[in-house]
Amino acid sequence: MIDVRRADERYPGGDPESGIASLHAFSFGAHYDPDNLRFGAVIACNEERLAPGAGFDEHPHSNTEIVTWVVEGELTHRDTTGHETLVRPGDVQRLSSAGGVRHVERNDGSAPLTFVQMWLAPLDPGGDPSYEIVHGIADSTPYAVPEAGAILHVRRLGTAGERTAVPDAPRVYVHVVRGEVRLGEHGLGPGDSVRVEGEKGLELVGMSGPAEVLVWELAG
């Protein structure tokens, strides 16, 4: 099964008057869709655009693995476990909210900020919250989220025709950050996503110029 979801099918959200524009790939908040609640462990894939000075004030999370990928700009993160960091393009940030944590996300810079935030359901609820950031992750370095039985692969294709394998996993979730790629017979552009189940031997192929793709390898 290869299920392609186009960028313009996402649910709009945020607060444009406050400088926040959001696009949700899954049922989210007021945009409730009982047929689009999750895919494997993935329960949200949100593209957030924050104007300079805009952000999300302190708010709670629990029983969610929150993984953030900055596309452009700098994200200021603060949480109630005492972490305060700047997240830049190429960094992977993970906040394991576990039994409960509160955090702030802001654009304190002078340039626009765009980031993709992905929420995953843990295998076991509760526990103590934790935080991690990996600076400048490489293509060859998968990022494991064992709490959710998931692994994130960052795929960067520099030229048209360049190829990279898609993991042979029970489920795979693909999100195109930038550029154009092909997966099987499907052409994909920025914001497009694909839900793959029970497929093997798939490849991502660059179609034009540099591309960046986030690929989640998910347990069954």
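Each residue takes its place number in the sequence, starting with 1. If you're wondering where the values come from, they're calculated on a predicted model, not measured in any experiment.
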Are [X] and [Y] packed together at the side-chain level, in the sense that at least one heavy-atom pair is separated by less than 4.5 angstrom?
X: Arg88; Y: Val70; result: no
X: Ile2; Y: Leu202; result: yes
X: Thr85; Y: Tyr131; result: yes
X: Arg94; Y: Ser130; result: yes
X: Trp69; Y: Val92; result: yes
X: Arg171; Y: Arg195; result: no
X: Val87; Y: Phe115; result: no

Determine the minimum heavy-atom distance between [X] and [Y], stating which atoms define it.
X: Thr81; Y: Pro129; value: CG2-CG, 3.9 Å
X: Ile66; Y: Gln117; value: CG2-CD, 3.5 Å
X: Val181; Y: Ala211; value: CG1-CB, 3.6 Å
X: Ser110; Y: Pro52; value: O-CG, 3.5 Å
X: Pro89; Y: Gly73; value: CD-O, 3.2 Å
X: Gly40; Y: Leu218; value: CA-CD1, 4.5 Å

message: If only side-chain N and O atoms count, and only distance matters, is there a donor-acceptor pair under 3.5 Å linking His77 with His83?
response: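 Not at all, the side chains of His83 and His77 share no donor-acceptor pair under 3.5 Å.
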- request: For the pair His61 and Trp119, name the ring-plane relationship: parallel under 30°, tilted 30 to 60°, perpendicular over 60°.
  value: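 Geometry flag for Trp119 against His61: perpendicular rings.
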- request: Measure the acute angle between the ring planes of His59 and Phe56, then classify it against the limits of 30° and 60° as parallel, tilted or perpendicular.
  value: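 Perpendicular: the ring planes of His59 and Phe56 meet at over 60°.
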Tyr173 six-ring face occupied by Arg5 cation (under 6.0 Å, within 45°):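 Pair Arg5/Tyr173 does not count as cation-pi.
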Are the side chain of [X] and the backbone N or O of [Y] linked by a donor-acceptor pair below 3.5 Å?
X: Asn46; Y: Glu48; value: no
X: Asp8; Y: Gly191; value: no
X: Asn107; Y: Gly53; value: no
X: His24; Y: Ala44; value: no
X: Asp128; Y: Gly99; value: no
X: Ser97; Y: Thr64; value: yes

- prompt: Is it the case that one hydrophobic cluster holds both Met1 and Leu37, taking links as side-chain heavy atoms less than 4.5 Å apart, direct or via other members?
  reply: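 Different clusters.
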query: Can you tell which of Leu86, Asp91, Leu113 makes a side chain to side chain contact (heavy atoms under 4.5 Å, CB included) with Glu74?
result: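 Single side chain to side chain contact (heavy atoms under 4.5 Å, CB included) partner of Glu74 among Leu86, Asp91, Leu113: Leu86.
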- request: Check each of Val42, Leu214, Leu95, Val145 against Val67 using the side chain to side chain contact (heavy atoms under 4.5 Å, CB included) test, and report the only one that passes.
  value: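 Considering Val42, Leu214, Leu95, Val145, a side chain to side chain contact (heavy atoms under 4.5 Å, CB included) with Val67 is found only for Val145.
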query: Should Thr80 and Glu58 be marked as a side chain to side chain contact (heavy atoms under 4.5 Å, CB included) after you check the CA-CA gap, both sets of side-chain angles, and the distance that decides it?
result: CA-CA 9 Å; Thr80 50; Glu58 187 175 293; 4.3 Å; yes
- request: Show the numbers, then the answer: is there a side chain to side chain contact (heavy atoms under 4.5 Å, CB included) between Leu183 and Val196?
  value: CA-CA 10 Å; Leu183 178 65; Val196 179; 4.2 Å; yes
Atom pair CZ (Arg49) and CD1 (Ile20), whose distance is rounded to the nearest 0.5 Å: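 That separation rounds to 14.0 Å.
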Presence of salt bridge, Arg106 and Asp108, under 4.0 angstrom: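 Between Arg106 and Asp108 there is a salt bridge, with a charged N closer than 4.0 Å to a carboxylate O.
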Leu188 vs Val213, side chain to side chain contact (heavy atoms under 4.5 Å, CB included): CA-CA, chis, key distance, verdict: CA-CA 10 Å; Leu188 307 170; Val213 185; over 6 Å; no
Steps toward side chain to side chain contact (heavy atoms under 4.5 Å, CB included) verdict (Val194, His186): CA-CA 9 Å; Val194 186; His186 304 284; 5.9 Å; no
field: Neighbour count above 12 (heavy atom, 6.0 Å) for Asp3 CG
entry: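 More than 12 within 6.0 Å, yes.
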